[in-house]
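Read the numbers this way: they start at 1 and go in the same order the structure lists the ligands and their atoms.
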Amino acid sequence: MKEKSYIVVIQCDIVMQRCSGYLCEHAFNERKGSFASYPKDKPYRTIYMTCGGCCGRAVHRKLDDLIRMFKKAEGVKKDKIVVHLASCITKDNYHAPPCPHLDYLKRLIEGKLSLDLVEDTYISKTSAKLREKGVYEK
Ligand code: SF4
Ligand code: SF4
């Protein structure tokens, strides 16, 4: 991940009706969870956005716009961008089971837009224990 400079975090639109996204941002700031491999001394640009609501189709147009804006305004190529799907999308968690459209979202991001994708953001210790116990499925 050292070669990336722009991190885009996609969060579940439904969950974001009650979540500020603090724990995602905190995990990035502390380089924890799925952000652990990013060097702490390297400055990154970060953008947080929601999927736009079920079925997540807006992810394509939002990211497509971002790719075009980065290129037009700053000459940034898309291989400098990495997209994280927030843990509320990828994992069974306090809010709900994983997004039922997870494969579709991945297809849009990796397949259609050819962007590098990482699953997860903040990893809750409590949820991880419940996953180990089988209370949460994934
Ligand atoms: S992973 Fe957690 S903190 Fe991040 S958007 Fe989802 S519910 Fe909020
Ligand atoms: S498509 Fe998935 S991530 Fe988006 S609002 Fe629906 S359940 Fe949440």
Check your understanding: Counting from 1, what ligand 2 atoms have a heavy atom of I14 closer than 4.0 Å?
Key -> 5 (S)
**Study point:** Spacing of CG belonging to L117 relative to CD belonging to E110, to within rounding of 0.5 Å
**Key:** 4.5 Å
Exercise for review: Give the atoms of ligand 2, by number and element, whose distance to some non-hydrogen atom of I89 is under 4.0 Å.
Suggested key: 3 (S)
Revision key, fill the gap. The atoms of ligand 2 lying under 4.0 Å from a heavy atom of H101, numbered in the order shown, are 1 (S)
Review point. In the protein, which heavy atom is nearest to atom 6 (Fe) of ligand 2, and how far is it?
Key: C54 SG, 2.2 Å
**Study point:** Close-contact set for ligand 1 against V15 heavy atoms, below 4.0 Å
**Key:** 7 (S)
Check your understanding: Is atom 4 (Fe) of ligand 1 less than 2.8 Å from an N/O/S atom of C19, whether that atom is in the backbone or a side chain?
Key -> no
Point to revise | Atoms of ligand 1, numbered as shown, that sit under 4.0 Å from any heavy atom of S87 | key: 1 (S)
Review point. For ligand 1, which atoms, with element, lie under 4.0 Å from some heavy atom of M16?
Key: 5 (S)
Review point. Near D13, which atoms of ligand 2 are under 4.0 Å from a heavy atom of that residue?
Key: 5 (S)
**Study point:** Non-hydrogen atom of E25 closer than 4.0 Å to ligand 1
**Key:** no
Practice item. Check the pair D103 / R107 against salt bridge (Lys or Arg N to Asp or Glu O under 4.0 Å), numbers first and verdict last. Key: CA-CA 6 Å; D103 288 341; R107 187 148 57 94; over 6 Å; no
Review point. Can you tell which part of T121 has a heavy atom less than 4.0 Å from ligand 1: side chain, backbone, both or neither?
Key: side chain
Review point. Short question: side chain of R45, backbone of S5 - any donor-acceptor pair under 3.5 Å?
Key: no
Check your understanding: Within less than 2.8 Å of atom 6 (Fe) of ligand 1, any N, O or S from C88?
Key -> yes
Review point. More than 12 heavy atoms of other residues, nucleotides or ligands under 6.0 Å from CD of E137: is that the case?
Key: no
Practice item. For D120 and S34, test the side chains for any donor-to-acceptor distance below 3.5 angstrom and give the result as yes or no. Key: no
Study note, to complete from the structure: Ranked by distance from atom 8 (Fe) of ligand 2, the top protein heavy atom is C12 SG, 2.3 Å
Exercise for review: Look at the aromatic rings of F35 and F28 and report parallel, tilted or perpendicular, splitting at 30° and 60°.
Suggested key: perpendicular
Check your understanding: For the residue pair E74 and Y6, what are the closest heavy atoms and their distance?
Key -> OE1-OH, 3.7 Å
Revision key, fill the gap. Numbered in order shown, the ligand 1 atoms found under 4.0 Å of a heavy atom of L23 are 3 (S)
Point to revise | Which of the ligand 1 atoms, numbered from 1, are nearer than 4.0 Å to a heavy atom of H95 | key: 7 (S)
Review point. Between V118 and V82, does a side-chain contact (heavy atoms from CB on, under 4.5 Å) hold up when you go through it step by step?
Key: CA-CA 7 Å; V118 176; V82 58; 3.8 Å; yes
Exercise for review: Assess whether atom NZ of K42 is packed by more than 12 heavy atoms of other residues, nucleotides or ligands within 6.0 Å.
Suggested key: yes
Revision key, fill the gap. Here the pair of heavy atoms bringing S87 nearest to Y122 is OG-O, 2.6 Å
Study note, to complete from the structure: protein heavy-atom neighbour closest to atom 5 (S) of ligand 2 works out as C51 SG, 3.3 Å
Review point. Is ligand 2 under 4.0 Å from a heavy atom in the side chain of C55, in the backbone, in both, or in neither?
Key: backbone
Review point. Any protein heavy atom under 4.0 Å from atom 3 (S) of ligand 1?
Key: yes
Check your understanding: Just checking, is any N or O donor in the side chain of N93 or S127 under 3.5 Å from an acceptor N or O on the other one?
Key -> no
